[in-house]
Enquirer: 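Please see the structure below; I have some questions.
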Amino acid sequence: MDHADNDAAGATSQAAVLSRRGLFRVSAAVGGGFMLGFALDGAAQTLLQTGQTPPPGTAMGAFLIVNPDGAVTMISPVVEMGQGAQCSLAAVLADELGADWERVRIVPPPAGVAYQRPDVTKYQLTSGSWSVRLWYTPLRTAGAAAREMLVSAAAARWGVDPAGCDVAAGRITHTASGRAVGFGEVAADAVRLPVPPKPALKPRSAQKLVGRRLPRTDIPAKVDGSGIYGVDVKVPGMAYAAMRQAPVYGAEVESVNRQSLRGKPGIIDVVLVPGAVVVVADSWWRAKKGVESLDIKFKATPFDTASTDGLMKEELAKLAQPSGAKFRATGDMAAAASGAVKTLTADYSVPFLHHAPMEPMNCTARVSAGRCELWVPTQCHTTALEAATRITGFKEDQISITATLLGGGFGRRIHTDFIEPAILAAQTVKRPVKLIWTREEDMQHGFHRPAMSARMTGMVDRQGGLTGLNMRIVGPSVHEKFWPSFFKDGLDYAAVMAITTKNAASGTHYDVPNQYVDYVYQPTHVPIGYWRSVGASHNGYFVEGFIDELAEAAGQDPVAFRRMLLKSSPRGRAVLDKAVEVSGWGQKKLKAGRALGIAFFENVESIVAQVADVSVDGNKLKLHRIWAVIDCGMVLNPSTVEQQMEGGIINALSTTLAEEITVKDGRCLQSNFHDYPVMRMAGAPPVEVHIIEGGGAIGGVGEAMVPTLAPAVCNAIYAASGKRIRSLPLKAHGLVLAS
Amino acid sequence: MINLSINGTTRRIAAAPDTPLLWVLRDELGLTGTKFGCGAGLCGACTVHLNGQAVRSCTVPVSGLKGAKVRTIEGLSRDRSHPVQVAWIAEQVPQCGYCQSGMIMATVALLERKPRPSDADIEEAVGNICRCGTYQRVKQAIHRVSGTAGA
């Protein structure tokens with residue numbers, strides 16, 4: 001159904017738009033039966049595809065459908081990739097609205113203006129630990145406005161004052177008379193009312209769902225195999241596709257012996273796309289065998305001899321370059337140097353990392369005359385929409401995007417390299433096509449956390465304080481291709497992300513009066529992307545490893561040194577002190593070869609400290625325990641916060657221990673989990689997490705654990721063994737987990 | 001054409017003999033609960049029970065399976081009532097959830113063999129990769145089912 005039908009029914013059909021000021025006009029979809037309006041089409045499609053009928057009901061704005069039986073459906077502005085954000089945000093909406101939580105349903109967003117990040121123009125994106133931070137207030141506003149409209153409609157029906165009505169569990173009750181009515185019975189009347197521009201939000205004390213350990217709504221479908229991920233999509237008449245891309249990043253196809261597959265059982269077509277060959281067949285296995293059997297020649301490129309060894313040598317040279325793109329210059333570095341009793345310089349580096357989500361890249365596309373439909377585990381509707389409109393020539397309202405569950409995102413699925421070939425194949429064979437990458441294709445065609453180097457210089461003064469900090473960061477640019485406005489005047493803002501400093505907004509971080517931070521760009525042909533915590537993933541390691549070295553140079557305990565640096569930050573000290581308390585820092589006499597290490601960092605507006613308890617025996621490492629403390633301001637669901645902390649620590653630990661992507665002869669050397677060893681259960685230490693609600697703004701959690709894990713572990717290794725680790729992974733130093 | 005028993009029902013399989021059991025389950029039979037993670041038997045996302053044993057179905061060609069009994073995640077219960085599923089929900093184990101079918105099937109196989117496993121038993125039998133890092137909760141859930149404390 002479309003807007004024309006709405007008008008024919010006599011209802012207004014203004015599109016639902018969430019403006020920057022949080023006001024919105026309601027799409028009036030009147031009557032029972034299927035919901036109407038542009039915002040709902042994609043949601044309906046998801047449900048159709050999973051075998052469910054779309055919930056009937058009345059749309060109230062872009063995020064809410066009131067079902068006739070009084071239950072509600074939330075159209076989530078974000079996708080679900082295991083972070084639990086859909087559940088947390090549904091609780092926000094349901095709490096403000098007064099809905100019956102036990103009956104709330106959640107559907108993913110279609111592409112739409114209302115679901116674009118309210119702070120950044122145009123991007124509809126689930127990333128950056130932003131979901132709860134960005135959508136908390138807009139969803140409260142939407143829920144509160146809908147509540148007021150529903151109450152007004154009920155009150156009008158009864159001829160009473162709305163102030164005399166209460167709302168609970170999806171029902172409106174007139175307190176004095178006891179008359180009651182469900183949301184579903186008054187929703188059609190409610191949407192005819194004006195939208196209140198400034199609805200009253202509930203005080204924290206009146207919130208019944210926010211702050212509670214709600215069981216996640218997506219978990220049941222994840223324990224019985226019923227959850228639909230991108231790889232599970234099935235559309236009538238669907239064909240399957242596998243592809244092979246050039247081994248050397250960016251190379252093009254020169255020739256392929258397509259005829260060799262002609263007439264072979266189940267083979268439908270062989271489609272050439274930029275940089276790759278796609279085989280379409282009646283089953284995925286046949287498509288995969290088909291593409292493997294082809295003899296594909298790829299063209300030469302200028303990068304056919306490129307290697308990570310070569311890249312790191314270039315980065316090392318750039319560490320010494322006289323000037324770079326300045327990020328920060330505070331105080332007087334010359335004065336700091338002259339007042340220093342000790343000046344320490346150390347070089348650090350980290351490798352390329354792969355996201356390696358468990359669900360390989362995939363997309364299902366159906367292209368017909370005037371319509372392109374995608375079913376895809378995407379983190380970014382905006383890039384998917386751009387790719388679809390560009391390839392098909394259709395307008396945006398001819399594209400439908402259904403975001404399935406994601407089997408891990410971590411930043412990998414903002415790209416369209418798995419979407420574009422699916423659309424091209426579907427156009428060519430004139431059937432829906434489900435394209436799935438092999439693990440090898442996925443591993444060898446990532447968008448990597450870049451390999452970065454840093455030269456850290458610190459100056460300790462007579463009083464044993466840190467008087468100056470000079471940081472030169474070198475490496476490829478993350479923003480260069482995806483978000484060029486953040487790569488300005490030679491400075492990539494991702495590279496210097498979260499570098500410890502006095503943060504104007506939170507007032508936290510280390511008090512170092514003289515600082516100089518600059519960046520030098522390193523070109524590479526290796527595709528670069530946003531990996532969980534982006535630049536903070538290496539800057540936490542560079543800074544916190546080096547802070548420990550400076551503490552030693554100043555003759556101080558690592559905790560005491562940091563406490564002194566946090567003298568202007570009560571929230572920072574509270575986090576540090578809690579980590580000290582729970583880990584027993586300084587309280588226990590540990591035997592030789594065993595020690596604790598600590599790290600402190602803020603990113604995504606959350607303050608974190610981690611302590612690692614480690615034993616080192618020769619080259620054997622034993623991880624006894626990891627403690628993590630977070631101050632994320634305010635907690636919507638302690639259970640999901642704890643999950644993200646525990647999981648983030650293990651994810652970061654896996655990379656610290658043994659992960660690196662290496663390149664030789666222009667191509668990725670790793671191909672599957674045997675040579676890109678993601679950590680398994682054996683060897684994963686117990687993790688103990690603690691949450692402080694410091695009363696500040698809501699901070700992000702999904703990426704918050706990464707920056708402090710590697711330095712906590714490496715600082716512990718140093719204390720236990722005297723071995724200072726300034727590059728990752730640990731495996732490259734011969735350090736392995738004791739079995 | 002071969003006959004396989006899938007979750008107690010005999011099915012006739014038309015797929016080519018070299019097709020891995022994983023793809024027969026997913027594409028031919030529509031049982032998408034068993035997942036594709038690596039295609040090389042390295043990650044465990046494809047774990048099912050074959051004649052009572054946990055196997056990685058991406059490496060098992062269907063040709064050798066005439067008369068075999070296969071149990072998938074869908075066959076554990078109709079309503080998430082299997083004790084392992086109940087424990088998984090109670091401990092809120094899954095994050096993205098993609099590895100969890102395999103993780104649960106490996107767990108069920110372990111518990112059928114060893115009802116009160118130690119942590120070392122669990123680490124040995126449940127070697128599935130979880131990129132989201134849910135291992136601690138997997139262990140907690142297993143101890144909850146078996147009534148054991150972490151050991």
Enquirer: With chain A as the partner, which of B:K139, B:R137, B:E28, B:E74 has the greatest number of non-hydrogen pairs under 4.5 Å?
Expert: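 Counting heavy-atom pairs under 4.5 Å, the top option is B:R137.
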Enquirer: Heavy-atom pairs under 4.5 Å with chain A - which of B:G44, B:G37, B:S101, B:G33 has more of them than the others?
Expert: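 Ranked by contacts with chain A, first place is B:G37.
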Enquirer: Any residues in residues 75-87 of chain B near chain A, with a heavy-atom distance under 4.5 Å, and which are they?
Expert: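 Listed by number: B:R80, B:Q85.
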Enquirer: Examine whether an atom of B:T134 lies under 4.5 Å from a heavy atom of chain A, and if so say whether it belongs to the side chain, the backbone or both; otherwise answer neither.
Expert: neither
Enquirer: Has the side chain of A:N651 got a donor or acceptor atom that lies under 3.5 Å from a matching backbone atom of B:G133?
Expert: no
Enquirer: So for A:K289, is it side chain, backbone, both, or neither that comes closer than 4.5 Å to the heavy atoms of chain B?
Expert: side chain
Enquirer: Does any backbone or side-chain atom of A:D218 lie under 4.5 Å from a heavy atom of chain B? Answer side chain, backbone, both or neither.
Expert: side chain
Enquirer: Just verifying a value: how many Å separate A:I650 CD1 and B:C132 SG, rounded to the nearest 0.5 Å?
Expert: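 Rounded to the nearest 0.5 Å, the CD1-SG separation comes to 12.0 Å.
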Enquirer: What side-chain donor-acceptor pairs closer than 3.5 Å can you find for residues 52-61 of chain B, not counting sequence neighbours?
Expert:
residue	atom	partner	partner atom	Å
B:R56	NH1	B:G41	O	2.9
B:S57	OG	B:C46	O	2.7
B:T59	OG1	B:R56	O	2.8

Enquirer: Of all heavy-atom pairs between A:P360 and B:Y98, which one has the smallest distance, and what is that distance?
Expert: CD-OH, 3.9 Å
Enquirer: Return yes if some donor-acceptor pair links the side-chain N/O of A:K222 with the main-chain N/O of B:C96 below 3.5 Å, else return no.
Expert: yes
Enquirer: Taking the six-membered ring for Trp, are B:F36 and A:W284 parallel (under 30°), tilted (30 to 60°) or perpendicular (over 60°)?
Expert: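 Tilted.
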Enquirer: Check the pair A:E659, B:R131 against salt bridge (Lys or Arg N to Asp or Glu O under 4.0 Å), reporting the backbone distance first and the verdict last.
Expert: CA-CA 12 Å; A:E659 290 181 33; B:R131 190 51 160 164; 2.6 Å; yes
Enquirer: List the steps, then state whether side-chain contact (heavy atoms from CB on, under 4.5 Å) holds for A:W285 with B:D27.
Expert: CA-CA 9 Å; A:W285 183 248; B:D27 289 350; over 6 Å; no
Enquirer: With rounding to the nearest 0.5 Å, note down the distance linking CG in B:D18 to CZ in A:R286.
Expert: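 These two atoms lie 8.5 Å from each other.
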Enquirer: Can you tell which of B:I73, B:V138, B:I129 has the highest number of heavy-atom pairs within less than 4.5 Å of chain A?
Expert: B:I129
Enquirer: Taking the side chain from A:E646 and the backbone from B:Q136, do they hold a donor-acceptor pair closer than 3.5 Å?
Expert: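 Looks like no, no N/O pair under 3.5 Å.
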Enquirer: Does any heavy atom of chain B fall under 4.5 Å from the side chain of A:Q83, the backbone, both, or neither of them?
Expert: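 When you check distances to chain B, no heavy atom of A:Q83 falls under 4.5 Å.
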Enquirer: For atom CD of B:E124, decide whether the heavy atoms of other residues, nucleotides or ligands shown that lie under 6.0 angstrom number more than 12.
Expert: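 Counting other residues, nucleotides and ligands, CD of B:E124 stays at 12 neighbours or fewer.
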Enquirer: Does the pair B:R26/A:D232 count as a salt bridge with the N-to-O cut at 4.0 Å?
Expert: yes
Enquirer: Is the side chain of B:Y135 donor-acceptor paired with the backbone N or O of A:M679 at a distance under 3.5 Å, no angle test?
Expert: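 Yes, the answer is positive, given that a donor and an acceptor are paired below the 3.5 Å cut-off.
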Enquirer: If you look at every heavy atom in B:C38 and A:F673, which pair is closest and at what distance?
Expert: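 The pair with the smallest heavy-atom distance is CB-CD1, 3.8 Å.
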Enquirer: Out of A:Q644, A:R532, A:M443, A:K288, which one racks up the most heavy-atom pairs below 4.5 Å with chain B?
Expert: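 Most heavy-atom pairs under 4.5 Å with chain B: A:Q644.
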Enquirer: Identify which part of A:P265 has an atom lying under 4.5 Å from any heavy atom of chain B, answering side chain, backbone, both or neither.
Expert: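 Neither part, no heavy atoms under 4.5 Å.
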Enquirer: Please classify the contact of A:L653 with chain B as side chain, backbone, both or neither, using a heavy-atom distance under 4.5 Å.
Expert: neither
Enquirer: Heavy-atom pairs under 4.5 Å with chain B are the metric here; pick the option from A:A356, A:P357, A:S283 that has the most.
Expert: A:A356
Enquirer: For the backbone of A:Q643 and the side chain of B:Q95, can you confirm whether one donor and one acceptor N or O come within less than 3.5 Å of each other?
Expert: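 Here the side-chain-to-backbone pair exists.
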Enquirer: For the backbone of B:G127 and the side chain of A:R680, can you confirm whether one donor and one acceptor N or O come within less than 3.5 Å of each other?
Expert: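 Flag set: sc A:R680 to bb B:G127 pair under 3.5 Å.
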Enquirer: Below 4.5 Å from any heavy atom of chain B, which atoms of A:M358 appear? Answer side chain, backbone, both or neither.
Expert: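 Answer is both: backbone and side chain atoms of A:M358 are under 4.5 Å from chain B.
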Enquirer: For B:P94, is there any backbone N or O sitting under 3.5 Å from a side-chain donor or acceptor partner on A:R216?
Expert: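 Checked: pair present.
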Enquirer: Count the heavy-atom pairs under 4.5 Å between each of B:P20, B:A45, B:C130, B:A40 and chain A, then report the option with the highest count.
Expert: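 Looking at each option in turn, the highest pair count goes to B:P20.
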Enquirer: Check this for me: does any side-chain nitrogen of one of B:K35 and A:E359 sit under 4.0 Å from a carboxylate oxygen of the other?
Expert: no
Enquirer: Please evaluate residues B:W88 and A:I219 with respect to the criterion side-chain contact (heavy atoms from CB on, under 4.5 Å), reporting the C-alpha separation (whole Å), side-chain torsions for both, the decisive distance (0.1 Å), and the verdict.
Expert: CA-CA 9 Å; B:W88 241 244; A:I219 280 182; over 6 Å; no
Enquirer: Measure distances from B:Q92 to the heavy atoms of chain A and classify the residue's part below 4.5 Å as side chain, backbone, both or neither.
Expert: both
Enquirer: What part of A:L406 gets within 4.5 angstrom of chain B, counting heavy atoms only: side chain, backbone, both, or neither?
Expert: backbone
Enquirer: Rounded to the nearest 0.5 Å, what separation is found between the CE atom of A:M681 and the CG atom of B:N128?
Expert: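 Interatomic distance, A:M681 CE to B:N128 CG, rounded to 0.5 Å: 7.5 Å.
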Enquirer: A:S639 versus chain B, heavy atoms under 4.5 Å apart: side chain, backbone, both or neither?
Expert: both
